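See below for the structure under consideration.
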Amino acid sequence: MYWRGIRLGKLLALTAEDFDFEKKTLRINKSYQQIKGKDVITTPKTRESNRVLTLPDFLADEMQDYISRLPYLKVDDRIFTITKSGLHHEMYRGCRETSVKRIRIHDLRHPYVKHTTKNKSLQKQKSQAIKEF
């Protein structure tokens, strides 16, 4: 979430087959939610949500190591089997125990989004300045 700006439902839907460690990419093509107490994997709401992300070397290495430590994981099993509410509960519990200001899980993706949006805005401004010059 933090390094690539992935939304929580898409993170919780990830499987081992979504990763290509040779190319260091991650395919985003599904989302997880619980409906009436049942785990449901759906397609993303928008076509743009289906995408392939490049992973930084360290993140590809960490994910490959993490997945290798899940001995019973099948390629189409969810990697992160916690629910959204369970993850929220653990985040709030951790914040309370450490006296850290409470943040939402969703806020973990904001630094990435802010950084990429800022960079795109700067690139657009530079392109416009060059055209005007």
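None of these values were measured; they are calculated from a predicted model.
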**Q.** Residues T81, L12; criterion side-chain contact (heavy atoms from CB on, under 4.5 Å); working and verdict
**A.** CA-CA 7 Å; T81 56; L12 294 178; over 6 Å; no
Minimum side-chain heavy-atom gap [X]-[Y] below 4.5 Å:
X   : Y   : result
D20 : R27 : no
K23 : V52 : no
K10 : S49 : yes
L55 : T25 : no
I67 : F21 : yes
D39 : Q34 : yes
D76 : E17 : yes
T15 : V75 : no

If you round to the nearest 0.5 Å, how far is [atom2] of [Y] from [atom1] of [X]?
X   : Y   : atom1 : atom2 : result
E48 : I28 : CD    : CD1   : 14.5 Å
T98 : R93 : OG1   : CZ    : 10.0 Å
L14 : I41 : CG    : CD1   : 9.5 Å
R78 : K30 : CZ    : NZ    : 11.0 Å
K45 : R7  : NZ    : CZ    : 8.0 Å
I79 : F19 : CD1   : CZ    : 4.5 Å

**Test of ring centre spacing under 6.0 Å for F80 and Y66** =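 Yes - the distance between ring centres of F80 and Y66 falls below the 6.0 Å cut-off.
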Would you call D57 and K24 a salt bridge, taking side-chain N to carboxylate O under 4.0 Å as the test?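 Looking at K24 together with D57, the answer is yes, because their closest N to O distance falls below 4.0 Å.
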In this structure, are over 12 heavy atoms from other groups packed under 6.0 Å from E97 atom CD?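 Above 12, so yes.
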Between [X] and [Y], what is the shortest heavy-atom contact and its length?
X   : Y   : value
L73 : A16 : CD2-CB, 4.2 Å
D65 : R69 : OD2-NE, 3.0 Å
G86 : I82 : C-CD1, 3.6 Å
R51 : L53 : NE-CD2, 3.7 Å
P44 : N29 : CD-O, 3.3 Å

Students often mix this up, so state it plainly: with edges at 30° and 60°, are the rings of Y92 and H88 parallel, tilted or perpendicular?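 Rings of Y92 and H88: tilted, 30 to 60°.
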Are L11 and I35 linked, directly or through intermediate hydrophobic residues, by side-chain heavy-atom contacts shorter than 4.5 Å (ILVMFWY only)?
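Each belongs to a different hydrophobic cluster.
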> In chain order, what residues pass the ring pair (Phe, Tyr, Trp, His ring centres under 6.0 Å) check against Y32, with sequence neighbours excluded?
Replying inline: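 In terms of ring pair (Phe, Tyr, Trp, His ring centres under 6.0 Å), with neighbours along the sequence ignored, Y32 is linked to no residue.
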